[in-house]
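Sequential numbering from 1 along the given sequence is applied to the chain's residues.
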Amino acid sequence: MGTIVFGVGKMMTSSDPYETGLKMAREDRYVLKKLGEPIETDGIMQGSLSYKNNKGDANINLPIKGPKGKARLYIVGTKDDEQWNYSEIYVIIDDTNEQIDLLGFDQQNSVF
């Protein structure tokens, strides 16, 4: 049972949505101002991630932290062929519930 959980956890944490969202949070100046550096994961990822026949869906969130505070990172997207398209990537700061949109205010979908 432990091997199965570890395998699934490793698959999710090495996924493109997980890595893209975490990279964006670590590079966002406002998130860095709020949480400090370095930004690290802080617990178990939640949500769903699926792949089948070059298509996929991601709706995940993970706790993150920095020296100044904690937050949750949310990533929502779909995969068509080899391309992930993200409709939402944002951070919610724990102490204030402030939401920080990592895709930009005038950007509906982001392709990575």
Side-chain angles (χ1 to χ4, degrees):
M1 182 70 164
T3 304
I4 293 170
V5 171
F6 175 76
V8 170
K10 182 68 175 165
M11 178 189 77
M12 291 182 84
T13 59
S14 64
S15 71
D16 286 341
Y18 177 96
E19 290 178 357
T20 297
L22 195 53
K23 180 178 189 274
M24 290 179 76
R26 288 176 171 158
E27 292 177 353
D28 187 87
R29 285 187 280 179
Y30 193 70
V31 172
L32 292 173
K33 178 181 174 184
K34 291 293 195 176
L35 299 181
E37 288 186 77
I39 292 177
E40 303 172 330
T41 58
D42 187 35
I44 299 172
M45 180 172 54
Q46 298 177 339
S48 63
L49 181 64
S50 64
Y51 302 104
K52 186 176 182 180
N53 298 327
N54 288 327
K55 297 201 181 293
D57 288 296
N59 188 347
I60 59 176
N61 70 79
L62 61 139
I64 58 174
K65 68 177 180 178
K68 296 180 181 179
K70 295 183 176 191
R72 218 164 218 337
L73 171 63
Y74 293 84
I75 304 133
V76 178
T78 57
K79 182 178 184 181
D80 191 22
D81 292 324
E82 297 300 314
Q83 190 74 43
W84 277 99
N85 298 295
Y86 298 100
S87 57
E88 298 179 58
I89 300 179
Y90 60 94
V91 170
I92 296 182
I93 305 297
D94 283 2
D95 289 342
T96 62
N97 282 332
E98 178 180 9
Q99 182 172 323
I100 304 165
D101 181 3
L102 300 180
L103 293 178
F105 294 114
D106 41 336
Q107 189 174 10
Q108 285 290 63
N109 291 304
S110 182
V111 177
F112 288 89

Asker: Quick one, Ile93 and Leu35 - any side-chain contact, counting heavy atoms below 4.5 Å?
Answerer: yes

Asker: What residues form a side chain to side chain donor-acceptor pair (under 3.5 Å) with Lys33, not counting sequence neighbours?
Answerer: none

Asker: A side-chain contact here means heavy atoms from C-beta on lying under 4.5 Å apart; do Tyr18 and Ile75 qualify?
Answerer: no

Asker: Applying the 4.5 Å side-chain criterion to the ILVMFWY set and letting contacts propagate, would Tyr30 and Ile89 be lumped into a single cluster?
Answerer: yes

Asker: Mind checking side-chain contact (heavy atoms from CB on, under 4.5 Å) for Ala58 and listing every partner two or more places apart, or none if nothing turns up?
Answerer: Pro17, Leu49, Trp84

Asker: Evaluate the side-chain proximity of Leu73 to Ile60: yes if any heavy-atom separation is below 4.5 Å, no if none is.
Answerer: no

Asker: Where is the tightest heavy-atom contact between Val91 and Ala71, given as atom of each residue plus distance?
Answerer: CG1-CB, 3.5 Å

Asker: Among all residues two or more places apart in sequence or in another chain, which pass the side-chain contact (heavy atoms from CB on, under 4.5 Å) test with Asn61?
Answerer: Gln46, Arg72, Tyr74

Asker: If you define the side chain from C-beta out and look only at heavy atoms, does anything of Leu103 sit under 4.5 Å from Met24?
Answerer: yes

Asker: What residue pairs, at least two apart or across chains, pass salt bridge (charged side-chain N to carboxylate O under 4.0 Å, His left out) with a residue in residues 50-64?
Answerer: Lys55-Asp80

Asker: If Ile, Leu, Val, Met, Phe, Trp and Tyr residues are connected whenever their side-chain heavy atoms lie under 4.5 Å apart, and connections chain through other members, are Ile92 and Met45 in the same group?
Answerer: no

Asker: Can you name the side chain to side chain donor-acceptor pair (under 3.5 Å) partners of Asn97, sequence neighbours left out?
Answerer: none

Asker: Please list, chain by chain and in numerical order, all residues satisfying salt bridge (charged side-chain N to carboxylate O under 4.0 Å, His left out) with Glu37, sequence neighbours excluded.
Answerer: none

Asker: With rounding to the nearest 0.5 angstrom, report the CG to NZ distance, Asp16 to Lys23.
Answerer: 12.0 Å

Asker: Under the side chain to side chain donor-acceptor pair (under 3.5 Å) rule, collect the residues that match up with Lys34, sequence neighbours excluded.
Answerer: Glu98

Asker: Which residues pass the side-chain contact (heavy atoms from CB on, under 4.5 Å) test with Lys70, sequence neighbours left out?
Answerer: Asp42, Lys65, Asp94

Asker: So, taking the atom named CZ in Arg29 and the one named CD1 in Ile100, what distance separates them when rounded to the nearest 0.5 Å?
Answerer: 13.5 Å

Asker: List the residues meeting side-chain contact (heavy atoms from CB on, under 4.5 Å) with Asn54, not counting sequence neighbours, and say none if there are none.
Answerer: Asp81, Glu82

Asker: Report yes or no: do Leu102 and Leu22 belong to one cluster of Ile/Leu/Val/Met/Phe/Trp/Tyr joined by side chain heavy-atom distances under 4.5 Å?
Answerer: yes

